[in-house]
K.L.:
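A single structure is presented below for examination.
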Amino acid sequence: AFTLFCGLGIYNVINFDRLLKANNAQKVVLEILSYHASASKDEVSIIERKEIPSSMSLNIASYEFADHTLDRDQTVLATIRMFLDLDLVNKFRIDFQTLIRWSITVRKNYRDVMYHNWRHGFNVAQMMFAMLTSGGMSQQFTDLETLALLVGSLCHDIDHRGTTNQFQKLSDSPLANLYSTSFMEYHHFNHFLTISQVDGNNIFKSLNEEEYSQFLELTKTTILATDLALYFKHKGNFSKLASDPSTNWEVEDNRILLRSMMITGCDLSAITKPWEVQRMVAEKIASEFFNQGDIERDMFGHTPMYMMDRSKRDELPKMQVDFIDNICMELYESLEKANPLFRPLLDGCLSNRRNWSNLCERRTSFADISSANITLTSINTTRLSEMQCDEDSQIKCPPSNENLPENGQFDVSSLSKQPEESGVEG
């Protein structure tokens, strides 16, 4: 009788936990449905009537790309161009109208928050496209990996609320009760699944069951990797692998780590962009963080953490220097060691560190950052295909077709075996 009693007790606890999760899931779905909508026929027709510009005219293969040159519809056209240039439409037999509808739906399912909006998702995808093309990585990865990296980049912050995982936990949000960790990242992945399964949005229907299962796992890994908590957990291992000329990037665990660090590099890539882009993005991120800090102060009555405390806004230059030193520098150094064609990202990061340090030394206020009259440094990170490379150049030339094996593949491990660069001026 006692055993039966214990068994019933355990059964009831399990059922209660399931009921609680189902209730939280329902709350999340209802909230989403009340906010979002799929692409309309008129929206699809507008894009269908437009010509898809070339990647060169859009400049999307450049590490220096700036999205402010494109309007909202042009960002959708640029997204479609990425699929076309990576030959994903052909390889996976993606219906063109479905791709248009899916792309618009992804755009619509980003919330209108200060920073983590559609523009951010699009910019992360653009940087992944640049890594795959100008960085030569599309020749290293399989077609499914390439598809997952592009799709995961586009959708990695879909339905972001402008608040962090920590805020979800503090506020006891339905998302925090639905997932045990990486609350927002799991939500982004599941929301991507939801909109992709809607009639007229499934661009993956040509995949067989095995391919689709692999693709979902690859996309899930890509999106979850944008949780910086996972970056901190794995960055040391990646640094060792990238520094070791004998590393075999065909080993599955190494390959997963490489893809994860690439998406993190794309997610943070605003820190590598030309100064005017970096400055504007930093101000947007800071404003979103300060908004969360204001909410925390009102809701919980406590002083928010340093980077979210609006009273500390004049310390933004110092925050940016700390962000670069504690997170970005090691990431881009390791990526450059793994593939020297990523060198422009490291150069851009170094350049912006000097600019933020300059503002920090001058104690420039938050309000005066955009108009500060200072001498800024700038490193030319022009598209690699346009670079003039010589023996003294610190930036490696992209491999020419004549140096590729017959199958058109080149191995990242061979890139990491190239001699280390000489010191970079700090």
K.L.:
So that I know where these two stand, are Tyr332 and Phe342 an aromatic pair - ring centroids less than 6.0 Å apart?
P.N.:
no
K.L.:
Here's a test for you: under side chain to side chain contact (heavy atoms under 4.5 Å, CB included), which of Asp159, Asn202, Thr105 qualifies with Ile195?
P.N.:
Thr105
K.L.:
Backbone N or O of Asn59 within a donor-acceptor pair of the Ser62 side chain at under 3.5 Å?
P.N.:
no
K.L.:
Using the rule given for side chain to side chain contact (heavy atoms under 4.5 Å, CB included), can you reason through Val89 versus Ile203, listing the C-alpha separation, both sets of side-chain angles and the distance that settles it, and then say yes or no?
P.N.:
CA-CA 9 Å; Val89 173; Ile203 62 174; over 6 Å; no
K.L.:
Is there a donor-acceptor contact under 3.5 Å linking the side chains of Gln292 and Glu288?
P.N.:
no
K.L.:
Which label fits Trp102 and Phe83: parallel for a plane angle under 30°, tilted from 30 to 60°, or perpendicular past 60°?
P.N.:
perpendicular
K.L.:
Answer yes if the side chains of Asp42 and Ser45 hold a donor-acceptor pair under 3.5 Å, and no otherwise.
P.N.:
no
K.L.:
Answer yes or no: is there an ion pair linking Arg353 with Asp325, defined by an N-O contact shorter than 4.0 Å?
P.N.:
yes
K.L.:
What's the separation between atom OG in Ser357 and atom CD1 in Ile324, rounded to the nearest 0.5 Å?
P.N.:
9.5 Å
K.L.:
Please report the closest heavy-atom contact between Phe300 and Phe167, naming both atoms and the distance.
P.N.:
CE1-CE1, 4.2 Å
K.L.:
Looking only at the side chains, is there a donor atom on one of Asp85 and Ser55 sitting less than 3.5 Å from an acceptor on the other?
P.N.:
yes
K.L.:
Going from CG on Leu216 to CD on Gln214, what distance comes out if it is rounded to the nearest 0.5 angstrom?
P.N.:
10.5 Å
K.L.:
I'd like to know if the side chain of Asn339 reaches the main chain of Gly135, judged simply by a donor and an acceptor atom lying under 3.5 Å from each other, with no hydrogens or angles considered.
P.N.:
yes
K.L.:
Identify which one of His160, His120, Glu283 satisfies the side-chain hydrogen bond (donor to acceptor under 3.5 Å, both in side chains) criterion when paired with Tyr115.
P.N.:
His120
K.L.:
For the pair Gln278 (side chain) and Ala270 (backbone), establish whether a donor and an acceptor sit closer than 3.5 Å, ignoring hydrogens and angles.
P.N.:
yes
K.L.:
Within the distance-only criterion (no hydrogens, no angle test), does the side chain of Tyr231 pair as donor or acceptor with the backbone N or O of Ile327 below 3.5 angstrom?
P.N.:
yes
K.L.:
Take Trp275 and Ser351, measure what side-chain hydrogen bond (donor to acceptor under 3.5 Å, both in side chains) needs, and give me the verdict at the end.
P.N.:
CA-CA 8 Å; Trp275 171 247; Ser351 175; over 6 Å; no
K.L.:
For Arg310 and Asn291, test the side chains for any donor-to-acceptor distance below 3.5 angstrom and give the result as yes or no.
P.N.:
yes
K.L.:
First locate atom NE2 of His234, then atom CG of Asp253, and finally report the distance between them rounded to the nearest 0.5 Å.
P.N.:
10.0 Å
K.L.:
Does this structure show an ion pair linking Lys240 with Asp244, if we count only N-O contacts that are shorter than 4.0 Å?
P.N.:
no
K.L.:
What pair of heavy atoms forms the shortest contact from Ile263 to Ser260, and how long is it?
P.N.:
CG2-O, 3.0 Å
K.L.:
Does the side chain of Asp112 pick up a donor-acceptor pair with the side chain of Asn117 at under 3.5 Å?
P.N.:
no
K.L.:
Is there a side-chain contact between Lys220 and Tyr186, using heavy atoms and a 4.5 Å cut-off?
P.N.:
yes
K.L.:
With a 3.5 Å distance limit and no angle check, can you tell me whether Asp368 reaches the backbone of Thr364 through a side-chain donor-acceptor pair?
P.N.:
no
K.L.:
Between Leu132 and Phe141, does the side chain to side chain contact (heavy atoms under 4.5 Å, CB included) criterion hold? Intermediate values first, please.
P.N.:
CA-CA 9 Å; Leu132 291 168; Phe141 293 127; 4.1 Å; yes
K.L.:
Grab the two heavy atoms, one from Leu193 and one from Tyr212, that are nearest each other, plus how far apart they are.
P.N.:
CD2-OH, 4.2 Å
K.L.:
Arg259 side chain to Glu145 main-chain N or O, any donor-acceptor pair under 3.5 Å?
P.N.:
no
K.L.:
Decide yes or no for Asp67 and Gln126: does some side-chain heavy atom of the first lie under 4.5 Å from some side-chain heavy atom of the second?
P.N.:
no
K.L.:
So does Asn190 get a backbone contact from the side chain of Thr194, meaning a donor-acceptor N/O pair under 3.5 Å?
P.N.:
yes
K.L.:
Could you check whether Arg107 pairs with Asp73 (Lys NZ or Arg NE/NH1/NH2 to Asp/Glu carboxylate O, under 4.0 Å)?
P.N.:
yes
K.L.:
Can you check ring-ring contact (aromatic ring centres under 6.0 Å, His included) on Phe215 and Phe204, steps first, answer last?
P.N.:
CA-CA 9 Å; Phe215 165 73; Phe204 315 109; 4.6 Å; yes
K.L.:
Within the distance-only criterion (no hydrogens, no angle test), does the side chain of Asp314 pair as donor or acceptor with the backbone N or O of Phe366 below 3.5 angstrom?
P.N.:
yes
K.L.:
Answer with yes or no whether the side chains of Glu315 and Gln320 bring together a donor and an acceptor at under 3.5 Å.
P.N.:
no
K.L.:
What's the spacing between Ser138 OG and Met128 CE if we round to 0.5 Å?
P.N.:
12.0 Å
K.L.:
Which heavy atom in Arg119 sits nearest to a heavy atom in Asp71, and how many Å separate them?
P.N.:
NH2-C, 3.6 Å
K.L.:
Determine whether Met127 and Thr272 make a side-chain contact, defined as any pair of heavy atoms from C-beta on separated by less than 4.5 Å.
P.N.:
yes
K.L.:
Working to the nearest 0.5 angstrom, can you tell me the gap between Ser243 OG and Lys337 NZ?
P.N.:
3.5 Å
K.L.:
Please name the pair of heavy atoms, one in His188 and one in Cys155, separated by the smallest distance, quoted to 0.1 Å.
P.N.:
CB-O, 3.9 Å
K.L.:
Under a 4.5 Å cut-off applied to non-hydrogen side-chain atoms, are Trp118 and Leu154 in contact?
P.N.:
yes
K.L.:
What's the separation between atom OG1 in Thr222 and atom CZ in Phe192, rounded to the nearest 0.5 Å?
P.N.:
10.0 Å
K.L.:
Tell me, do Leu335 and Phe238 make a side-chain contact under 4.5 Å, heavy atoms counted?
P.N.:
yes
K.L.:
Should Ser171 and Met299 count as side-chain neighbours, where that means a heavy-atom distance under 4.5 Å?
P.N.:
yes
K.L.:
Test your reading of the model: is there a side-chain donor-acceptor pair from Asn352 to the backbone of Gly348, 3.5 Å cut-off?
P.N.:
yes
K.L.:
Please check this pair: side chain of Ser103 against backbone of Val76, looking for a donor-acceptor N/O pair closer than 3.5 Å.
P.N.:
no
K.L.:
Just by distance, with hydrogens left out, do Ser54 and Ser57 show a side-chain donor and acceptor under 3.5 Å apart?
P.N.:
yes
K.L.:
Does either side chain, that of Glu185 or that of Asn165, offer a donor lying less than 3.5 Å from an acceptor on the other one?
P.N.:
yes
K.L.:
For Ile369 and Trp356, run side chain to side chain contact (heavy atoms under 4.5 Å, CB included): C-alpha distance rounded to whole Å, both residues' side-chain angles, the deciding distance at 0.1 Å, then the answer.
P.N.:
CA-CA 10 Å; Ile369 287 175; Trp356 285 115; 4.0 Å; yes
K.L.:
Give a yes or no on whether a salt bridge exists between Glu43 and Lys108, defined as a side-chain N under 4.0 angstrom from a carboxylate O.
P.N.:
yes
K.L.:
If you measure from the Lys or Arg side-chain nitrogens to the Asp or Glu carboxylate oxygens, is any gap between Glu330 and Lys235 under 4.0 Å?
P.N.:
yes
K.L.:
Decide yes or no on side chain to side chain contact (heavy atoms under 4.5 Å, CB included) for His302 and Arg297, but give the supporting numbers first.
P.N.:
CA-CA 5 Å; His302 67 226; Arg297 199 185 299 272; over 6 Å; no
